[in-house]
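In what follows, a structure is listed as structure tokens, so that the remarks can point back to it.
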Amino acid sequence: NIINVPDDWTDKRFYLKISELRKIQANEGDRIMVLDGDTLCLKPIDNFFVDGYDIILTTRHRIDTFKINAGVWGYIKNKKTDDFLNHAASTITNPINWKPYYTLKITHPWDRARSLTNIDWPVDQDYLEIVYNHRHDLLNNINIDAKVYVHENGIYNCIVSHLEHPAVKQVDPYIVHFKNMSSGKWK
């Protein structure tokens, strides 16, 4: 399903993903993959979900300020992930809810994201970055016993500006995530 951004959501576009995911009609055990609109699958993604894990995250192929990019991730529909999405929505709108997230928001390296009230950019990425950092102990951190698997090294989230980018050949990714690395147009 494509989630279009309603006109009145201009100051909370990235929160929209978390908000809308909680409304998806899904059955227990359904696999839900969350992809930004600027992604392209190059190979079958049959192995994206890993047995025994509730939440699947992806890292970038390159070194960056943050390891996680929220443009490609997924979860298995169950009570744990319902609680997880509810916690995400609650924390994004009330950062004091989870101290590590709060700390990131007030010390964020990007001015645009250093706000406790901005739920537009990049709140979903920030939240998933904190989940990544605490993935081995979510139960003690947020009282959710979800198991998190991480696809490392950009194999499912190779961030490039165009398909001819050298990283595409080097990483041989399943999914490329187009990011405009310059002020020019997409190729």
Side-chain angles (χ1 to χ4, degrees), residues 1-5 12-24 26 29-78 80-82 84-85 87-89 91-92 101 104 110 113 119-136 138 146-181 186-187:
N1 296 332
I2 295 174
I3 299 172
N4 292 310
V5 179
K12 47 190 172 183
R13 291 167 295 192
F14 288 90
Y15 174 72
L16 176 69
K17 283 197 288 187
I18 299 297
S19 176
E20 292 299 303
L21 285 171
R22 296 184 309 150
K23 297 177 189 174
I24 290 177
D30 282 354
R31 297 171 173 205
I32 299 171
M33 199 164 178
V34 184
L35 300 165
D36 280 359
D38 59 350
T39 57
L40 176 66
C41 294
L42 299 179
K43 299 192 280 190
I45 53 175
D46 301 336
N47 296 322
F48 182 79
F49 289 94
V50 179
D51 287 342
Y53 291 89
D54 305 293
I55 299 164
I56 309 296
L57 301 179
T58 63
T59 65
R60 306 163 190 265
H61 75 279
R62 61 177 199 234
I63 295 172
D64 205 310
T65 306
F66 298 105
K67 196 108 164 130
I68 294 299
N69 182 280
V72 181
W73 66 285
Y75 61 95
I76 306 292
K77 169 72 172 166
N78 59 41
K80 295 174 189 178
T81 56
D82 288 347
F84 172 79
L85 290 172
H87 183 270
T91 300
I92 287 168
Y101 182 80
L104 172 60
W110 304 326
I119 59 173
D120 188 14
W121 183 91
V123 293
D124 55 342
Q125 178 173 300
D126 291 346
Y127 182 82
L128 292 178
E129 180 74 17
I130 298 303
V131 168
Y132 171 79
N133 292 331
H134 294 277
R135 68 191 178 278
H136 300 299
L138 283 183
K147 303 297 180 225
V148 179
Y149 184 86
V150 182
H151 288 292
E152 300 279 356
N153 303 318
I155 193 153
Y156 283 100
N157 203 340
C158 185
I159 297 174
V160 295
S161 56
H162 52 85
L163 278 176
E164 294 79 30
H165 193 285
V168 174
K169 193 171 197 172
Q170 179 186 4
V171 175
D172 190 26
Y174 288 83
I175 297 174
V176 290
H177 191 166
F178 294 107
K179 295 290 181 186
N180 194 359
M181 311 273 181
W186 297 101
K187 293 184 179 180

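Please read these numbers as outputs of a predicted model, since none were measured by experiment.
The closest donor-acceptor contact from the side chain of N157 to the backbone of N69 lies under 3.5 Å. T58 places no side-chain N or O within 3.5 Å of a backbone atom of Y156 that could act as its donor or acceptor partner. Counting only distance, with no hydrogens or angles, the side chain of H61 and the backbone of I159 share a donor-acceptor pair below 3.5 Å. At least one donor-acceptor pair closer than 3.5 Å links the side chain of T59 to the backbone N or O of N153. Of the possible donor and acceptor atoms, none in the side chain of D36 sits under 3.5 Å from a partner among the backbone N and O of D38.
Summarising the geometry of A88 relative to I18, their closest heavy-atom pair is CB-CG2, 4.0 Å, with the distance given to 0.1 Å. Smallest separation of non-hydrogen atoms from Y75 and L21: OH-O, 3.6 Å. Here the closest non-hydrogen pair linking P173 and G154 is CB-O, 3.9 Å. T39 approaches G71 most closely through the heavy-atom pair CG2-O, 4.0 Å. In plain terms, the two heavy atoms of A70 and L128 that are nearest each other are CB-CD1, 3.8 Å. In this structure, C41 and I175 approach most closely via the heavy-atom pair SG-CG1, 3.9 Å.
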List the steps and the verdict of side chain to side chain contact (heavy atoms under 4.5 Å, CB included) for M33 and V72. CA-CA 7 Å; M33 199 164 178; V72 181; 4.2 Å; yes
Checking F178 against V160 for the side chain to side chain contact (heavy atoms under 4.5 Å, CB included) test, could you report, in this order, the C-alpha distance in whole Å, the side-chain angles of both residues, the deciding distance, and whether it holds? CA-CA 5 Å; F178 294 107; V160 295; 4.2 Å; yes
Before you tell me yes or no, could you show the steps for F66 and W110 under ring pair (Phe, Tyr, Trp, His ring centres under 6.0 Å), namely the whole-Å CA-CA distance, both residues' side-chain angles and the distance that decides it to 0.1 Å? CA-CA 11 Å; F66 298 105; W110 304 326; 5.0 Å; yes
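Atom CZ of F49 is surrounded by more than 12 heavy atoms from other residues, nucleotides or ligands within 6.0 Å.
To the nearest 0.5 angstrom, I45 atom CD1 is 12.5 Å from I155 atom CD1. Between the OH atom of Y132 and the CD atom of E152 there is a distance of 4.0 Å, given to the nearest 0.5 Å. Taken to the nearest 0.5 Å, the NZ atom of K80 stands 9.5 Å off from the CD1 atom of I55. L85 contributes atom CG, which lies 12.0 Å from atom NZ of K17 (distance to the nearest 0.5 angstrom). Rounding to the nearest 0.5 Å places OH of Y101 at 9.0 Å from CD1 of I130. Note that the NE2 atom of H177 and the CZ atom of R60 stand 8.5 Å from one another [nearest 0.5 Å].
Electrostatic pairing of D82 and R22 does not count as a salt bridge here, judged by no charged N lying under 4.0 Å from a carboxylate O. Between D51 and R31 a salt bridge is recorded (basic side-chain N to carboxylate O distance below 4.0 Å).
For the pair K43 and Y174, the distance from NZ or CZ to the six-membered ring centre is under 6.0 Å and the angle to the ring normal is within 45 degrees.
In this pair, H151 and Y149 present their aromatic rings perpendicular. The plane angle is above 60°, beyond the 30 to 60° band. Below 30°, between 30° and 60°, or above 60°: for Y127 and H87 the angle between ring planes is between 30° and 60°, a tilted geometry.
A 4.5 Å side-chain heavy-atom check between I76 and Y53 finds every atom pair outside the cut-off. Counting only heavy atoms from C-beta outward, the side chains of N78 and F84 never approach each other to under 4.5 Å. Side chains of V168 and E164 form no contact here, defined as non-hydrogen atoms less than 4.5 Å apart. When side chains are defined from C-beta on, L42 counts as touching L163, because their heavy atoms get closer than 4.5 Å.
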